[in-house]
Engineer: 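So that we are looking at the same thing, I have put the structure below in structure tokens.
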There are 2 protein chains.
Amino acid sequence: MTVLRRNMASRKNIWVDMRHIILYGLLLAILVFLLKWLQWKFLIADNATDIYIGLIAVFFTILGVWIATQLIKPKTQTLIVEKEVYVSCSDGFTMNEAELHKLNLSNREYDVLQLLTKGYSNAEIADNLCLSLSTIKTHVSNLLSKMDVKSRAQAIEKAKRLKITP
Amino acid sequence: MTVLRRNMASRKNIWVDMRHIILYGLLLAILVFLLKWLQWKFLIADNATDIYIGLIAVFFTILGVWIATQLIKPKTQTLIVEKEVYVSCSDGFTMNEAELHKLNLSNREYDVLQLLTKGYSNAEIADNLCLSLSTIKTHVSNLLSKMDVKSRAQAIEKAKRLKITP
DNA sequence: TTAATTTTCATACTTTAGTATGAATGCATT
DNA sequence: AATGCATTCATACTAAAGTATGAAAATTAA
């Protein structure tokens, strides 16, 4: 699993954009004029000073919040992507241990099964394992019983279907 | 390809945490005391009012920025993740037309081969195709010759290996 | 139409596969 | 030691597979 972190910020740095500075300056200028106007209009009394300061405090607090939001906006985004990868199965043989275990075959019986599923005759299996034909017949017969089939052909088909043999 | 967007903010909502509100209140109180002290200390002159307001403005602007950063901090992050999903081919049988053509089997012989590779006996094949046992024996015999094998077991193994039969 | 090929079937025979039974050996567990 | 299981082998028998040969009907190509 590979994790890619990618900066998705498309917005340019606002310090490069001078419009924000100009806007800030204008707001300050307007505020100064507003304050001067209020000063001459009401001839501020001592008991009105607290309200005056309160208004200024509220205004600049809001201004600060707005500036901060502007500063913070270029935030880095990262995405989680789930990608499907198709894996080609070249040969595609994966031993089915579970099914093999169910059959409860002995080691020798499995040896015989492996040769049997390669198309070997009883005589060939006997030669290959250095055993007598009788022994192979016995093993095959028990094998067919355990696999619940009636012929070596069915055994081959079933073994390959259950993937207990290459 | 599936895209998952996940909010990665681990920080809890600060409004739930009362400490910030208390801190804000304390700062305001301290500020008020400071202002009162300054008021009595310097007996503010008219020409000093601008400086006084300026200080307040700067202070509350900074305070606003600080509040905003605290509020906005849980910014949504999105991650880009590539997750490998392994897709196995269910049974992976793809007919090998080329190999089948090489064998030069007749239609009927191929019919027989298909049943033969399913583990059917000659008698079962005869029943299935509504033919006599003799006919099946003939077909199988010719089949084995054309496939260059010596038994039906080898025929099954070869047919499955060459992928000319499921 | 003729010729070649496929498909079908039969009979006789050989070979292989598969079953049944019994038995001897070795190995591990109880 | 006794038991159970795996392994080996043998004999006798039955069933199925596979071969060889011939032949007739159906289909396809020339």
Side-chain angles (χ1 to χ4, degrees), chain A residues 95 97-162 164-166, chain B residues 95 97-162 164-166:
Chain A
M95 190 61 179
E97 302 281 356
E99 288 294 340
L100 178 58
H101 190 258
K102 281 184 191 170
L103 296 178
N104 196 30
L105 302 181
S106 69
N107 293 341
R108 219 43 168 162
E109 283 164 352
Y110 186 58
D111 291 342
V112 172
L113 177 61
Q114 286 183 308
L115 297 177
L116 191 148
T117 54
K118 286 169 70 177
Y120 284 31
S121 68
N122 288 343
E124 288 170 330
I125 297 173
D127 280 351
N128 201 297
L129 298 180
C130 296
L131 297 175
S132 76
L133 181 59
S134 302
T135 306
I136 303 303
K137 281 189 175 184
T138 305
H139 286 321
V140 170
S141 193
N142 295 332
L143 195 54
L144 299 185
S145 289
K146 289 185 180 179
M147 292 182 71
D148 193 32
V149 294
K150 291 190 176 299
S151 68
R152 69 203 295 105
Q154 286 180 22
I156 296 171
E157 195 279 328
K158 187 164 186 174
K160 289 188 179 292
R161 179 159 44 79
L162 297 184
I164 61 181
T165 274
Chain B
M95 193 54 184
E97 301 282 356
E99 288 293 341
L100 178 58
H101 190 259
K102 281 183 191 171
L103 296 179
N104 195 30
L105 302 181
S106 70
N107 292 341
R108 218 43 166 164
E109 283 163 352
Y110 185 59
D111 291 341
V112 172
L113 177 61
Q114 286 183 308
L115 297 177
L116 191 148
T117 54
K118 286 169 70 177
Y120 284 30
S121 68
N122 289 342
E124 288 171 331
I125 297 173
D127 280 351
N128 201 296
L129 299 180
C130 296
L131 297 175
S132 75
L133 182 58
S134 301
T135 306
I136 303 304
K137 281 189 174 185
T138 305
H139 286 320
V140 170
S141 194
N142 295 333
L143 194 55
L144 300 185
S145 289
K146 289 185 179 179
M147 292 182 70
D148 192 30
V149 293
K150 290 189 176 300
S151 68
R152 71 202 295 106
Q154 286 180 21
I156 295 171
E157 196 277 329
K158 187 164 186 175
K160 289 188 179 291
R161 180 160 42 80
L162 298 184
I164 61 181
T165 274

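Here is the naming used below: chain letters follow the sequence lines, and residue numbers restart at 1 for every chain.
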Engineer: Could you give the CG-to-C1' distance, from A:Leu116 to C:dG18, as a whole number of Å?
Structural biologist: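 Atom-to-atom, A:Leu116 to C:dG18, this comes out as 12 Å.
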
Engineer: Does the side chain of B:His139 get closer than 4.0 angstrom to OP1 or OP2 of C:dT8 through an N or O atom?
Structural biologist: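 Looking at the OP1 and OP2 atoms of C:dT8, one of them is under 4.0 Å from a side-chain N or O of B:His139.
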
Engineer: Hey, does the side chain of A:Ser134 come within less than 4.0 Å of D:dT11's phosphate (OP1/OP2), counting only N and O?
Structural biologist: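 A:Ser134 to D:dT11 OP1/OP2: no side-chain N or O under 4.0 Å.
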
Engineer: Which residue lies toward the 5' end of DNA chain D, A:Lys146 or A:Lys137, if each is placed at its nearest nucleotide?
Structural biologist: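 Taking each residue's closest nucleotide, the earlier one in sequence belongs to A:Lys146.
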
Engineer: Does the side-chain contact (heavy atoms from CB on, under 4.5 Å) test come out yes or no for A:Gln114 and A:Asp111, once each step is laid out?
Structural biologist: CA-CA 5 Å; A:Gln114 286 183 308; A:Asp111 291 342; 4.2 Å; yes

Engineer: Determine the minimum heavy-atom distance between B:Lys160 and B:Thr117, stating which atoms define it.
Structural biologist: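 Result for this residue pair: CE-O, 3.9 Å.
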
Engineer: Given that A:Val140 and B:Thr135 both sit by DNA chain C, which one's nearest nucleotide is further toward the 5' end?
Structural biologist: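 Nearest-nucleotide comparison on DNA chain C picks B:Thr135.
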
Engineer: Between B:Asn122 and D:dA16, is there a side-chain N or O to OP1/OP2 distance below 4.0 Å?
Structural biologist: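 It does not, given that no N or O in the side chain of B:Asn122 lies less than 4.0 Å from OP1 or OP2 of D:dA16.
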
Engineer: Looking at D:dC9, C:dT16, C:dT7, which one has an atom nearest to any side-chain atom of B:Arg108?
Structural biologist: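 The answer is C:dT7, which lies nearest to the side chain.
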
Engineer: Rounded to the nearest angstrom, tell me the gap between atom CD in B:Glu109 and atom P in C:dT6.
Structural biologist: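 Rounded to whole Å, this separation is 8 Å.
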
Engineer: Figure out the CD/C1' separation between A:Gln154 and D:dA16, and round it to whole Å.
Structural biologist: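 In whole Å, D:dA16 C1' and A:Gln154 CD are 13 Å from each other.
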
Engineer: Indicate yes or no: at least one non-hydrogen side-chain atom of B:Glu124 is less than 4.5 angstrom from one of B:Leu115.
Structural biologist: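 Counting from C-beta outward, B:Glu124 and B:Leu115 never come under 4.5 Å.
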
Engineer: Quickly work out the A:Leu113 CG to D:dT7 P distance and round it to whole Å.
Structural biologist: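 Atom-to-atom, A:Leu113 to D:dT7, this comes out as 13 Å.
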
Engineer: Can you tell if the side chain of A:Gln154 reaches within under 4.5 Å of the side chain of A:Ser151, non-hydrogen atoms only?
Structural biologist: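 A:Gln154 reaches A:Ser151 side chain to side chain.
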
Engineer: Report yes if a side-chain nitrogen or oxygen of B:Ser106 is closer than 4.0 Å to either non-bridging phosphate oxygen (OP1 or OP2) of C:dT5; otherwise report no.
Structural biologist: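 No, no such contact exists.
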
Engineer: Minimum heavy-atom separation for A:Tyr110 to A:Ile164, with atom names?
Structural biologist: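 Where A:Tyr110 meets A:Ile164 most closely, the heavy atoms are OH-O, 2.9 Å.
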
Engineer: Take atom CG of B:Leu129 and atom P of C:dT8, then tell me their distance rounded to the nearest Å.
Structural biologist: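 Checked: the CG to P distance equals 8 Å.
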
Engineer: Write down the distance between CG (B:Leu144) and C1' (C:dT15), rounded to a whole number of angstrom.
Structural biologist: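 It is 13 Å, rounded to the nearest whole Å.
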
Engineer: In whole angstrom, give the distance that lies between atom CG of A:Leu133 and atom C1' of D:dT8.
Structural biologist: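 Checked: the CG to C1' distance equals 13 Å.
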
Engineer: In this structure, how many angstroms lie between the P atom of C:dT7 and the OH atom of B:Tyr110, rounded?
Structural biologist: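 Checked: the OH to P distance equals 14 Å.
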
Engineer: Determine: side-chain N/O of B:Thr138 to OP1/OP2 of C:dT8, distance under 4.0 Å, yes or no.
Structural biologist: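 No, outside the criterion.
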
Engineer: Consider the side chain of A:Leu131, meaning its heavy atoms from C-beta on, and name the nucleotide among D:dT8, C:dC9, C:dA17 that approaches it most closely.
Structural biologist: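 Of D:dT8, C:dC9, C:dA17, D:dT8 is nearest to the side chain of A:Leu131.
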
Engineer: Is there a side-chain contact between A:Ser141 and the phosphate of C:dT19, meaning an N or O under 4.0 Å from OP1 or OP2?
Structural biologist: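 Yes, within the criterion.
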
